[in-house]
Structure formats: structure tokens, C-alpha cells
Peer 1: 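Have a look at the structure that comes next, please.
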Amino acid sequence: MEAAHACERSLLEGPPGYPVDLKGMSSGMAGLLGMAGASLLLSACTDEQLGPPTDEDAARFLAQASLAATQADSAALMQLGYSAWLDQQFAQPLSTSLWAWMLAHGFGDAQYKSTDVGMDNALWFRLLNAQDGLRQRVVLALSEIFVVSLRNMPVPWGPFLCVAYWETLEAHCFGNFRDLLERIALSPAMGVYLSMRGSQKEDASGRRPDENFARELMQLFTIGLVQLNIDGSPKLDAQGQAVATYNNDDVRGLARVFTGWDFDAFDASKPDYASRPMVFNAGEHSTMDKAFLGIAIAGSTPGEQAFKQALDTVFQHPNVGPFLARRLIQRLTSSNPSGGYIARVARIFNDNGSGVRGDMQAVIRAVLMDGEARLGLTPLPSDEAGKLREPILRFLQWARMVRLQCSDDLWNVGDLSGPDRLGQSPLRAPSVFNFFRPGYVPRQTALAVQDMVAPEFQITDESTVIGYANFMFWMLPNGASNITVDYSDWLPLASTPAALVDRLNLLLTGRSLSSTLVSDLTTALATLPLDQADGAKRRVITAMLTILCSPEYLVQA
């Protein structure tokens, strides 16, 4: 407790003039901030300030920074501490190539050229087995920000394009954002999905460059629709209206930059082209002047140079820091971060402390180690903080916790985006806006009244709630086709319901379930006889399913 108070005191630093909203904080915390001066900001915690992670701390951190909190994962974090664990994760080598895995498992055979077969297998193989948990969690987050989807991949070998895109995110998510942006822009999957691939210059017939990628690059990937302050709030004009970031002329100017790019040595008979970045064809590039975001690129500028200059311009825009900060915070820790939280992460994006802009490792560390994420030092009341766990993460947390196994190594989990399953599946979003939008507000709810957002609620309705529960009810006992569940770690706990519930409560929620739910579930499990066939397994499955479907678990605190 003393370590936590020391951390609270030491966190009171930051630029002057930025008020900390005391609404909803505990009286002790509000008093502490008031005594120190409400114009001060919280900042990132250090291991020394936080002290060694407890069991509960480890489980909560891993729910934000990884795909699951197994006993082994928690033990490793507790031994290393937060910072060393992050260092170790950042240093993890890339896993076995998914592209090579696809080929080795026969998905490069001609029969699959025009199907969507293979991508789901490869991605579930990766997400269920990879040891680089932080990388996979960040890649999943980035795949929901920089969206491509197999649902709109109308070219031969679409699954290979998507798998290559996932590997692009894996390779560059811990690097610099500017490099990541360029790799995304030249990805064949993105070229198809947002129709930059094959975009041609103007001609006398009235043809104009395709504007799709240019628009979404600004609107959804980097700067958004309105100019932002460092804390993510909109800048206002003299009439109190938000100031637009760009207009249609900016889109048209930027679209000219992205003409002339296409697949490298396309051959429909094999998927190889999907593994290579797009290449430039000067004959299709617009020679008109290109004005956007306050700069102008002369029409005579070589196309590859114009491309890099355009991305440099977008990368340097002051909106990128707060825009990306909010998106990553929402995917990892909290749907409604305070302006202070956003500002602290955005400043790290702008300068990692060594003069480097766009250092993704520094940004990710800032998101996960902020005082709001680690100590809950947020202006929101505790029952309004956190986020709804997205269905993919609920499934992965359970599956990795019970060591899901596959006898044929094909990992045929399938497309889980239907409402009768998870309502969500990796790289299966219905549009470039992902499965849910970052600003989604559930209608006629307390969240709407309080002007709060809850992105994941956009895919939460009567159908998906029942579909998720039924899917987990079907999956828990025996897995799926050639996929089995290993309950060997859990069956010995069945004879002691309190111990079973406590272990699940710890690993799934960091012991945040209410005492009422813990008590009721423990009592109910004791009524299930152990002397019947599979009696122990029935207790384990019942306990897991009850918690996995409980509102107290579904909200990640």
C-alpha cells in the first residue's frame, strides 16, 4: 500500500495548465491531487513505484498486454517485473512464418486459388500458439485500426494476401510508425482492399485517381476528421465549431500521389505476388501538382519520391499522436481514457525522450504503464472505467488457458464472425470501419447519457450474446473437429469448488468477480456430484462457462 501511495505522489508531474478532473476519484486520491495542485498530470509508472506485481496485478496486466494470463505467464511477469517483461517481449524473435505454414499445409494448391480457405487456419494457429503474446495483442489491435478483410479480397489467393498483411504488422509493430505506415500502404492486401492498387492518372475521358486509400489513410488511420489538441479534444474555431482536418481538395491531391502502384510480377497461378510490396509504374502516375494538408508536391516530382514525401507529411501532422494514442488505449486498456492519459501517450509518440518521433515500443509501453492503466488513477468512477472484452479475446483467453490442442495441425477453428459464434474473427471485418467503431455509443443507455463510448457494444446484441454463450457451451466440453481441450491442470481442483472458482477468478479477471458471484458459483458447483462419469470435468466446465458469460468477466477492468 505504501508503494502505491508513493507512486501516486510521484505521478503528479507534467506540463502546467492542464487540469486533472477529480470527478469520480476516491476522496483520498482527490485530496492528494488537490493538495499537490490540480494543474498537474499523472505520468507513467516505474517498477520501483508499483512494487513487485502480485498475482492479481499480473493477471490484470496480462489481460491488457497479452492474449491470456496462464499460471506460467503470470509467474514469469511476477519474477521479471513489468519493465523487464516488456523488454523481453519486445526482444522476442518473430514466430515461424505463417506464409511458410500455409504452403506446408497445402493451402497453396491450385484448388484453393479462388477460395477463402486457409487464412483462418493460419491466424488461429498463430494466436493460439505464439509465445510473443504482446506482439500478437498489438497486431490484433493494429489489424482493427488499419483494417483489411478477406470479405473484400476479390483477387486470386486472397487468404495469402491477408496472411502476408498480418506478417507485415508482426514485423513492424515494434518499430517506427512512419515505417509501419509505408509498409501498410504498399501491402498488396491494402492495395486491393482500399483500391490503391492499379490507381491510374487522370485522362481525357474524365478518369480520375482512386480516392479511397487517400481518404481512409487520413480519416481512419492517422489524423481523423477534425484537428486535435494533444489530449485528443477537438480544436474549436471562433464560433465554437470543430476545425476540419482536411477537405475534398486534400483528398484529391493526395490521391494523385498514390497513382501508379501495382502488384510486383503478378502471376495468378501462384500466390507469390502477395508476399511482395507493390511496385511503382511511372507510366500510370499522375503528373499534375499534388496539394494536400498545407503542402504542394510539384507534378514533375518522381512518383516514388512524392509517395515518401506524402507519408512524411501525414506522419508529421500534429493529430497523429493523440489520434493513435486514443485508438491503442481503447484496444488495450480503456474505452474512455482521460484527456491526460491520451496526452501522455501522444507526447511519447511525438518524442520518445531521445528525440525520436513514432517509436512504437515507447508508445506501447506508455499505454500499458500509465497511472490510469496500472493504478486505476482515472477520472471515471470504477464502474465506468475499463472496456468490454472483445469476443476474440474472450475465446483466446480461455483457449490458451486450457491449452487447446490440434491433432492434425490444421487448426480448423474456422470463421467465427457469424452471430451464432463470436460475432468477430481476425481479418474478417465487414468494412474498413472494423467490427465496431471507436466512437460507438450504445443508444438509450447510461453510457449515452454520460457521453461515453463503448466500441465493442456495436457487435453486442441479443443474437451475439446468445450466439457467444452457445458457441462456448458447444466448445468447452470437447473442442471442435480435431481440436481438443486439456483440462489436466483443472480437474484436480474440482474436488474443492472454492479453489476452482478462485483460480478461475484470478486468471480470468484478476480476482475482480463480486463476492456474491464467487459464493453462489462455489455453492452451485458443490451440488454437482463427483462420483458420476466426468463429474470433475462437469464442475470445471460449468465454472468456466458461468464466468466466461458473466457481465463481471465481460467487462475488463
Side-chain angles (χ1 to χ4, degrees), residues 3-4 7-8 10-11 14 41-69 73-74 76-92 132-142 144-145 169 173-175 177 180 232 321-322 324-338 340-350 352-353 358-378 380 385-387 389-390 393 396-397 509-510 512 556-557:
C7 185
E8 291 172 7
S10 66
L11 291 176
L41 275 173
L42 304 174
S43 65
C45 297
T46 66
D47 282 36
E48 290 75 15
Q49 293 164 340
L50 291 171
T54 64
D55 284 335
E56 293 87 351
D57 295 333
R60 182 171 178 271
F61 181 82
L62 290 169
Q64 298 169 335
S66 191
L67 300 175
D73 294 330
S74 294
L77 174 60
M78 292 168 66
Q79 179 180 10
L80 291 168
Y82 300 106
S83 295
W85 184 88
L86 288 169
D87 291 340
Q88 185 183 78
Q89 289 289 310
F90 287 136
Q92 282 268 18
D132 53 348
L134 176 63
R135 178 183 283 114
Q136 297 306 319
R137 180 65 186 270
V138 171
V139 167
L140 181 61
L142 293 176
E144 296 177 359
I145 299 171
L169 297 181
C173 67
F174 290 163
F177 185 76
L180 175 65
L324 182 65
R326 182 189 294 275
R327 297 298 185 272
L328 283 176
I329 292 169
Q330 285 188 316
R331 294 297 86 242
L332 300 179
T333 65
S334 175
S335 293
N336 293 277
S338 72
Y341 191 179
I342 294 170
R344 293 189 290 277
V345 176
R347 287 191 175 91
I348 292 297
F349 178 91
N350 293 344
N352 68 352
D359 178 351
M360 288 295 289
Q361 289 190 23
V363 170
I364 294 163
R365 190 184 296 269
V367 170
L368 294 171
M369 293 297 286
D370 192 84
E372 287 191 32
R374 296 277 51 82
L375 291 174
L377 304 181
T378 169
L380 294 174
K387 62 192 291 290
R389 296 180 201 267
E390 55 189 288
L393 291 175
L396 288 172
Q397 193 172 24
T509 77
S512 65
Q556 175 185 305

Peer 1: Within the 4.5 Å heavy-atom criterion, are R137 and L62 side-chain neighbours or not?
Peer 2: no
Peer 1: Show your reasoning for whether side-chain contact (heavy atoms from CB on, under 4.5 Å) applies to F174 and M360.
Peer 2: CA-CA 5 Å; F174 290 163; M360 288 295 289; 5.7 Å; no
Peer 1: Taking the side chain as C-beta and beyond, is there a heavy-atom pair between M78 and W85 under 4.5 Å?
Peer 2: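 Contact flag for M78/W85 side chains = no.
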Peer 1: Within the 4.5 Å heavy-atom criterion, are L169 and V138 side-chain neighbours or not?
Peer 2: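 No, side chains not in contact.
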Peer 1: Sequence neighbours left out, what passes side-chain hydrogen bond (donor to acceptor under 3.5 Å, both in side chains) with E390? Give chain and number order.
Peer 2: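 For E390, the residues satisfying side-chain hydrogen bond (donor to acceptor under 3.5 Å, both in side chains) (neighbours in sequence not counted) are R331, Q424.
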Peer 1: Do you know the tightest heavy-atom contact between C45 and L375?
Peer 2: SG-CD1, 4.2 Å
Peer 1: Between E56 (side chain) and S512 (backbone), is there a donor-acceptor pair under 3.5 Å?
Peer 2: no
Peer 1: Going by salt bridge (charged side-chain N to carboxylate O under 4.0 Å, His left out), name the residues that satisfy it together with R389, two or more places apart in sequence or in a different chain.
Peer 2: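 Listed in chain order: nothing, the list is empty.
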Peer 1: If I compare all heavy atoms of A325 with all of V345, which pair ends up nearest, and what's the gap?
Peer 2: CB-CG1, 3.6 Å
Peer 1: Please identify each residue that fulfils side-chain contact (heavy atoms from CB on, under 4.5 Å) with S335, with sequence neighbours left out.
Peer 2: K387, P455, E456
Peer 1: From L324 CG over to I342 CD1, what is the distance, rounded to the nearest 0.5 angstrom?
Peer 2: 11.5 Å
Peer 1: To check you understand the geometry: which heavy-atom pair defines the closest contact between S74 and A69, and what is its length?
Peer 2: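 Closest approach of S74 to A69: OG-CB, 4.0 Å.
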Peer 1: Tell me, do D73 and L77 make a side-chain contact under 4.5 Å, heavy atoms counted?
Peer 2: no
Peer 1: Taking only residues two or more places apart in sequence or in another chain, which ones pass side-chain contact (heavy atoms from CB on, under 4.5 Å) with R60?
Peer 2: Q64, R374
Peer 1: Sequence neighbours left out, what passes side-chain contact (heavy atoms from CB on, under 4.5 Å) with D132? Give chain and number order.
Peer 2: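 Q92, S95, A130, R135, Q136.
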Peer 1: Identify the two heavy atoms, one from A346 and one from P322, that lie closest to each other, and give their separation to 0.1 Å.
Peer 2: CB-N, 3.5 Å
Peer 1: Which pair of heavy atoms, one from A68 and one from L396, lies closest together, and at what distance?
Peer 2: CB-O, 4.3 Å
Peer 1: Using a 3.5 Å distance criterion without hydrogens, assess whether the side chain of Y341 forms a donor-acceptor pair with backbone atoms of G371.
Peer 2: no
Peer 1: Are any side-chain N or O atoms of D57 and backbone N or O atoms of T54, one a donor and one an acceptor, separated by less than 3.5 Å?
Peer 2: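 Yes, the answer is positive, given that a donor and an acceptor are paired below the 3.5 Å cut-off.
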Peer 1: Looking at every heavy atom in both L332 and Q556, which two are closest together, and how far apart are they?
Peer 2: O-NE2, 3.1 Å
Peer 1: Of all residues at least two apart in sequence or in a different chain, which pass the side-chain hydrogen bond (donor to acceptor under 3.5 Å, both in side chains) check with D359?
Peer 2: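 Expected list: N352.
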Peer 1: With side-chain contact (heavy atoms from CB on, under 4.5 Å) as the test, would you mind laying out the steps for L134 and L368 before giving the verdict?
Peer 2: CA-CA 11 Å; L134 176 63; L368 294 171; 3.9 Å; yes
Peer 1: For the CD atom of E372 and the OG atom of S338, what is their distance to the nearest 0.5 Å?
Peer 2: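 The distance works out to 3.0 Å.
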Peer 1: Side chains of L86 and M369, heavy atoms from C-beta outward: is any pair under 4.5 Å?
Peer 2: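 L86 reaches M369 side chain to side chain.
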Peer 1: Report yes if some heavy atom in the side chain of L328 is under 4.5 Å from a heavy atom in the side chain of T333; otherwise report no.
Peer 2: no
Peer 1: Would you say the side-chain atoms of R344 pair up with the backbone N or O of G340, donor to acceptor, closer than 3.5 Å?
Peer 2: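 Between the backbone of G340 and the side chain of R344 there is a qualifying donor-acceptor contact (under 3.5 Å).
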